[in-house]
Amino acid sequence: MENYLPEVFSGTELEALTPYFTNTDGPVFCLQNIPQELAAALFARYSRSNKSLRRIFLDEFIEDVESINVQAGLGEGSRTRQLMKRVIGEYGDDSVAQLAVAHVAVEQVSTVLTRSLERHRLLSFLEQSTRYVNLSSLRADGSLRAVIPQEFASEVRRRYHLIVAQEFDLYSTVFGTMEARFSKGLNEDDVARRRAGRAAALDVARSCLPMSTMTNVGIVGSAQALEYLVIRLRSVGSSESLFVADAIAQEVSKVLGLLVSRMDRPDRGHRWTKYLVDRRDNVEFLLGQLGAHEPSVSPTPYAEPTVRLLNVEPRNDDDLIPWMLYELSGASFTECERYSIALTEAERVAVFQAYVGDRENRRHKPSRAWEMSSYTFEIETDYGSYRDLARHRLLTLLEQDPVTLSGYQVDPQLAEEGLLESIDPVFDAAFRFAHDLHNEVSAPTARMVLPLATRVRFVVRLNARELLHLVELRSQPQGHPVYRHIAQEMYRLLERVGHRRIAQAMRFVDLDTYSLGRTSEEEHLIEKLEN
């Protein structure tokens, strides 16, 4: 880099730096082999010094690193701990808690709890897939792969276990039936289509799994984001969420130390949790006073998901042109708006084309001027597909409690195979039991017994940039058929309201239907493995 002046270090200093920095002479480098708490302290000091990061490390923190290597921990009198106490405790500098991260594994938790784990926009997640893992087998001790809430008394536990066991039996039956259907006529050499058929069968069968089904989640995030995750989990209202919250708090404290200490302070984390609980309880009490809708005990099947476009801003996508011009024009927004009004149709097309660019794949996206738009959709679909769509963290999502709706959605192919007669009584029992739990225990616990086929209604608000990402990603051939349908409907509604230029930019929306949409991906994977 022109004019970069490398810092001069002695031979001894270079030897000390090498294990902890990816290079010792460039303007860009990474820390390595340094505990997260110390790394955050180092950056906190960095913001208040005119020294380079490597010089601060040598002058002020090398002793702490050597102490960690010898003692396997930071002493209370270390510079790092003293600095963290001042920055976190006295200064209340939240930004420092963004400078350290932890990788957290949360295992054998219920599927319904993952929505609480994955709501945070600033955390990254990876969850065990229902598409690649057959969950019908029992655990090592012979028990079902289902979380049993601690709140349950013995009789409730017995009834719960009976219904959940029936749901897992259904899952196993449906999977076997659908795998046979999808593999019919295939020979042993057709590996790709067999694997695609297995994935498709698991996609169909997952609707029968209870929301209590155990899953594993990997979480990566900053100290600040993990601290808020713990606070929010403690407000959910179930024994499982409280247990997981306390376990995460305990484990991240070992890695992030004082950076996450505020979540257990009575005047910070505990008060925050109380605020969240009180706010929810107050709204629920008010809804009860107003005669809010009671959960239904007579669930009915319904045909397919519904998508409604409730609101669009701006009404005309040409109104985004001033924003597209704004960043590079040097003019005020009012001037850009006045200029865009005078453009001819051909010039408007040219602006959109230039701003969107030559998109070679769906990862190429227009810039942030598209975020000056807003689309609000109301969607009703099965809970499993809802969870897939809810992972788009940039959108705003408001969901209703699935216990309060009456309905479930299963693949139409199950009717063709004569399986509805087996499904209906099991789902009916699950809904009735959930209704009882909703009144007697808690809403989060009541959801545990419901199947993933349960209908849920939710609203999403997102901008054009995120909408492009969602509909192109979720309409791909390898996607689940239900959320593919939803993504396609969102795209079609966009065209119907006259946002044709934005729709035209979505070059990678796939509107076709597929029986085994994953075949080409499986073929590609097999080819890679063979080569």
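Just so it is clear, the structure is predicted and the values come from calculations on it, not from any experiment.
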Checklist entry - Please walk me through it: do Ser137 and Arg145 pass side chain to side chain donor-acceptor pair (under 3.5 Å)? => result CA-CA 8 Å; Ser137 61; Arg145 295 175 180 266; 3.1 Å; yes
Next on the checklist: Working note: Asp428 + Arg432, criterion salt bridge (charged side-chain N to carboxylate O under 4.0 Å, His left out); need CA distance, chi angles, decisive distance, verdict.
Outcome noted: CA-CA 6 Å; Asp428 183 68; Arg432 290 178 181 277; 3.0 Å; yes
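We find that Arg447 and Asp401 are joined by a salt bridge, their nearest charged nitrogen and carboxylate oxygen being less than 4.0 Å apart. Under 4.0 Å is where a charged nitrogen must lie from a carboxylate oxygen, and between Arg159 and Asp436 at least one such pair does. A salt bridge between Glu489 and Arg308 is absent, with no side-chain N of the basic residue lying under 4.0 Å from a carboxylate O of the acidic one. A salt bridge links Asp203 with Arg131; the closest basic N to acidic carboxylate O contact falls under 4.0 Å. Asp388 has a carboxylate O that lies under 4.0 Å from a charged side-chain N of Arg206, or vice versa, which qualifies the two as a salt bridge. Between Lys274 and Asp278 a salt bridge is recorded (basic side-chain N to carboxylate O distance below 4.0 Å).
Once rounded to the nearest 0.5 Å, the distance linking OG of Ser207 with CD1 of Ile423 reads 6.0 Å. Between the CD atom in Glu155 and the OH atom in Tyr160 there is a gap of 15.5 Å [rounded to 0.5 Å]. For the atom pair CZ (Arg234) and CD1 (Ile248), the distance works out to 10.0 Å, reported to the nearest 0.5 Å.
A side-chain donor-acceptor contact under 3.5 Å links Thr173 to the backbone of Asp169.
Residue Tyr171 forms a side chain to side chain contact (heavy atoms under 4.5 Å, CB included) with just one option from Asn134, Thr130, Thr213, and that option is Asn134. A side chain to side chain contact (heavy atoms under 4.5 Å, CB included) with His392 is found for exactly one of Leu467, Leu473, Val460, Leu397, namely Leu473.
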